[in-house]
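Notes follow once the structure below has been shown.
A note on names: the letters A, B, ... follow the listed sequences, proteins ahead of strands, and every chain is numbered from 1.
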Amino acid sequence: GDSVTQMEGPVTLSEEAFLTINCTYTATGYPSLFWYVQYPGEGLQLLLKATKADDKGSNKGFEATYRKETTSFHLEKGSVQVSDSAVYFCALSDQGSARQLTFGSGTQLTVLP
Amino acid sequence: DVKVTQSSRYLVKRTGEKVFLECVQDMDHENMFWYRQDPGLGLRLIYFSYDVKMKEKGDIPEGYSVSREKKERFSLILESASTNQTSMYLCASSQTGPGYTFGSGTRLTVV
């Protein structure tokens, strides 16, 4: 079945540091890929998405590129801020199972001033 | 923007009680979902629905049921709450195509 593997957390960075959160996936079809963010005490919000190979999703300074050859969708940001502290979830939606999202386990990011 | 509203942010219930978690969306979305979120396990799908009066089991349906009598409302029911159902419950909705809108979550504690 489909699965998503994220790097283990928690991740702690200083403000303005470079961020990478690794995400790899297993899927039978041609999935769409997503990053969701969950701020403390809130539900999940869509951060960015990519629907086909080589697409780059971007939002709020975050980027991720859909790499079919390595089955990866790593999240990056060049300079993190304290306000980026949150839990980040990688997810996929397989065309074969339509409309359902499969999530990774989440990565807790803490940014220190 | 689509809004998904979960009726309670925090609930405390006793073992054996019947528990109702309510979710309402305001953008006429066809698809609605219930997940539970646990540390280290990410989000796991409990039930979902593609239409009124329609439901399908997700990955962990045991101990849960759902009801969708109206398009905008999707209820999760714990028939007899147990301590291992203590968790964060997240409702989501979507229209055609991938990507969800989530509610703020209900943190349920069963004592």
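Counting heavy-atom pairs closer than 4.5 Å to chain B, the top residue among Gln45(A), Glu42(A), Gln108(A) is Glu42(A). For the options Gly42(B), Ala92(B), Pro39(B), heavy-atom pairs under 4.5 Å to chain A are most numerous at Gly42(B).
Note that CG of Asp59(B) is 7.0 Å distant from OG1 of Thr102(A), once rounded to the nearest 0.5 Å. Considering CZ of Phe103(A) and CG of Leu90(B), their distance stands at 8.5 Å, rounded to 0.5 Å. Taking CG of Leu46(A) as the reference point, atom OH of Tyr100(B) lies at 12.0 Å (rounded to 0.5 Å).
Linking Ile, Leu, Val, Met, Phe, Trp and Tyr whenever their side-chain heavy atoms come within less than 4.5 Å puts Leu48(A) and Leu92(A) in one cluster. When hydrophobic clusters are built by joining Ile, Leu, Val, Met, Phe, Trp and Tyr residues whose side-chain heavy atoms come closer than 4.5 Å, directly or via intermediates, Tyr39(A) is not grouped with Tyr89(B). There is no path of hydrophobic side-chain contacts, each under 4.5 Å, that joins Leu47(A) to Val4(B). Under the 4.5 Å side-chain contact rule for hydrophobic residues, Leu41(B) and Val4(A) do not share a cluster. The hydrophobic clustering, which links ILVMFWY residues whose side-chain heavy atoms are closer than 4.5 Å, places Tyr35(B) and Tyr50(B) together.
Annotation for Glu69(A): atom CD counts as buried by contact number, over 12 foreign heavy atoms lying within 6.0 Å.
Scanning all heavy atoms of the two residues, the minimum distance from Ser105(A) to Gly40(B) falls at CB-O, 3.7 Å.
Neither the backbone nor the side chain of Gln6(B) comes within contact range of chain A, judged by heavy atoms closer than 4.5 Å. Residue Arg107(B): no heavy atom, backbone or side chain, is found under 4.5 Å from chain A.
Checked against a 6.0 Å centroid threshold, the rings of Phe102(B) and Tyr36(A) count as neighbours.
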TODO: Output, in order, the C-alpha distance, side-chain angles, deciding distance and verdict of side chain to side chain contact (heavy atoms under 4.5 Å, CB included) for Phe89(A) and Leu43(B).
DONE: CA-CA 9 Å; Phe89(A) 290 91; Leu43(B) 277 72; 3.6 Å; yes
